2 protein chains.
Amino acid sequence: MEYTVQVRMNEKLFLRDPESSELGRRIVRQSIMLIADIGFEEMTFRKLADRINTKEASIYRYFENKHRLLVYLIAWYWQWLEYQVIFHTNNLTDPREKLDRILKILLLKNIPQPSFSLGADAIDVSALHSIVIREASKAYLTHHVTEDNRQQLFKPYKDLCGRVAGIILEYRPDYPYARSRASSIIETAHYQAYFMQYLPSLTDFGVQRDVLPSGEDRLLEFLRHLLFSSLNAPLHELPPVHTKR
Amino acid sequence: MEYTVQVRMNEKLFLRDPESSELGRRIVRQSIMLIADIGFEEMTFRKLADRINTKEASIYRYFENKHRLLVYLIAWYWQWLEYQVIFHTNNLTDPREKLDRILKILLLKNIPQPSFSLGADAIDVSALHSIVIREASKAYLTHHVTEDNRQQLFKPYKDLCGRVAGIILEYRPDYPYARSRASSIIETAHYQAYFMQYLPSLTDFGVQRDVLPSGEDRLLEFLRHLLFSSLNAPLHELPPVHTKR
DNA sequence: TTGCAGATGATAGTATTACTATCAATGATA
DNA sequence: TATCATTGATAGTAATACTATCATCTGCAA
């Protein structure tokens, strides 16, 4: 039962395809470890080069700059995640179950990880997940969003949101906010996980070990509650307090 | 009817209180304009100094570094926002109306702006609001969150969330996710506004002018829908699909 | 075997940034 | 008038984010 998830990336994301060479793969794998370790701002191509016994200039042959590398990693994650969504919802008919699975996938729960068994050459999805939580917003919160967007750099994220929005519409065909609902639940999953860990007073789930249910489980329940309460709500049941017109 | 909102800031946020001098106030006011203009990453103390006819070194006498200045601005905004919440919900008894007001305040809608009338020396809250949308997460998504948090730098945000959570509990005393609900709705308000403007396909509200209701109004309706559907939902009506135990 | 191409190594260099240090000028205060 | 705090003015440093150049190595095709 050997298979690999083939992720074909947008060519605008790199100068030379890092998956096409040993060095390129090391750059990607090790940058994930390094960023997960010290954070994106503190990561430099020099440190990365030292870590993988190459030179700064060689890394620049693969990635135009630091930011593009980040965007590449994030894009890879979204494509991987969309694949997981497809894979784990394919056999389901009930859109409600599909949505429930998606929430679990978003928290990286209960996913049999093919990549995890591929040995030293595998991408550490779990480390990448923690990068996405901490750094993903830096990929689009820039002065040059519009230009980056024009180059389709955020397409994987949009595709994922689009797919989730589609399943939302399967569940509730007349739901008028499918896309916003999808992007909101994804973002919420991530920064609530961040808050849980670093600013726990902004959440209702601590990070204490040995408490059941764990923070992660409570976060999952919260996300379920948010998502399904909105999708089940009668629309326009709740008029604005003052209807100015 | 002359009054000023006195905002007393945490002393850890600055080296010398910028509100205590003319230069300090110019640094704060003009940094807002500059960051709103070119973005936080592109802003440098040199550019800021040139703009206000002072020297880089003088700015460093007020703020330890660029990041602290950002944290200061964001903190100021949250304190200002909490004040607005207090002010505009004080006279209300119905917690539902209070929450509705809060959503409007979050989008900076329908707030009679005292600061706007204070002339050249006033903080441009509207510009600051756009900075908060684009840059606020950079204030806490750092390698040194924990240390910054220990210095209470994020207290204004926590206080605001705490206050909103309190009102949520007025509305629904048994709601188990008040704090997460509060932080989620605030974050959602902001990045949905961002997506609406820069990555509109992630939302259901365009930015086209001359369409009624406008994107902003639809965003407000979306937030209302999200918030009240979750607060009105019967809890545990929605058990997980598989209840593993 | 030669020769050539593509990838990498090795070294150097540049502009900018983020910050620090120093001292002189200024202006208010005691 | 002395002094004290603030700012101006200038200089400098270490690190960063790149770019340029050329040598070396490794297949591989003729």
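We name chains A, B, ... by the order of the sequence lines, and we start the count at 1 in each one. Since we're looking at a predicted model, the values are computed, not measured.
Between B/Tyr177 and A/Phe222, the distance separating the two ring centers is shorter than 6.0 angstrom.
Of the candidate nucleotides C/dG9, D/dT7, D/dA9, D/dA9 has the atom lying nearest to any side-chain atom of B/Ala57. Nearest to the side-chain atoms of B/Leu23 among the listed nucleotides D/dA17, C/dT20, D/dG8 stands D/dG8.
Aromatic ring pairs are classed by plane angle as parallel below 30°, tilted from 30° to 60° and perpendicular above 60°; the pair B/Tyr194 and A/Tyr140 is tilted.
Between B/Arg29 and B/Glu22 there is no salt bridge, since no side-chain nitrogen of the basic residue lies less than 4.0 Å from a carboxylate oxygen of the acidic one. Under the 4.0 Å criterion applied to side-chain N and carboxylate O atoms, B/Asp37 and B/Lys47 are not assigned as salt-bridge partners. Using a cut-off of 4.0 Å between Lys/Arg side-chain N and Asp/Glu carboxylate O, B/Glu41 and B/Lys138 are scored as salt-bridged.
Not one side-chain nitrogen or oxygen of B/Lys55 sits closer than 4.0 Å to the OP1 or OP2 atom of D/dG8. Under 4.0 angstrom from either OP1 or OP2 of D/dT7 there lies at least one side-chain N or O belonging to B/Tyr62. Considering only side-chain N and O atoms, A/Ser21 lies nowhere under 4.0 angstrom from the phosphate OP1 or OP2 of C/dG6. Dashed line: the shortest gap from a side-chain N or O of A/Thr54 to OP1 or OP2 of C/dT8 is not under 4.0 Å. Between B/Thr44 and C/dT17 there is no side-chain polar atom (N or O) within less than 4.0 angstrom of OP1 or OP2.
Rounded to whole angstrom, the span from the CZ atom of B/Phe63 across to the C1' atom of C/dA18 amounts to 16 Å. To the nearest angstrom, C1' of D/dT6 lies 15 Å from CG of B/Leu15. We find that CZ of A/Arg68 is positioned 11 Å from P of D/dC18, with the value rounded to whole Å. The distance from atom OH of A/Tyr60 to atom P of D/dA17 is 6 Å, rounded to the nearest whole Å. Note: NZ (B/Lys66) to P (C/dT17) measures 9 Å, nearest angstrom. The distance between atom CG of A/Asn65 and atom P of C/dT16, rounded to the nearest whole Å, is 17 Å. The CE-P distance, from B/Met43 to C/dT16, rounds to 18 Å in whole Å. Rounded to whole angstrom, the span from the CD atom of B/Glu42 across to the P atom of C/dT16 amounts to 15 Å.
Between the side chain of A/Arg61 and the base of C/dG9, at least one donor-acceptor pair of N or O atoms lies under 3.5 Å. For A/Arg16 and C/dG6, a side-chain-to-base donor-acceptor distance below 3.5 Å is absent, hydrogens and geometry of angles not being considered.
The nearest heavy atom of DNA chain D to B/Glu56 and to B/Arg26 marks one nucleotide each, and the one closer to the 5' end goes with B/Arg26.
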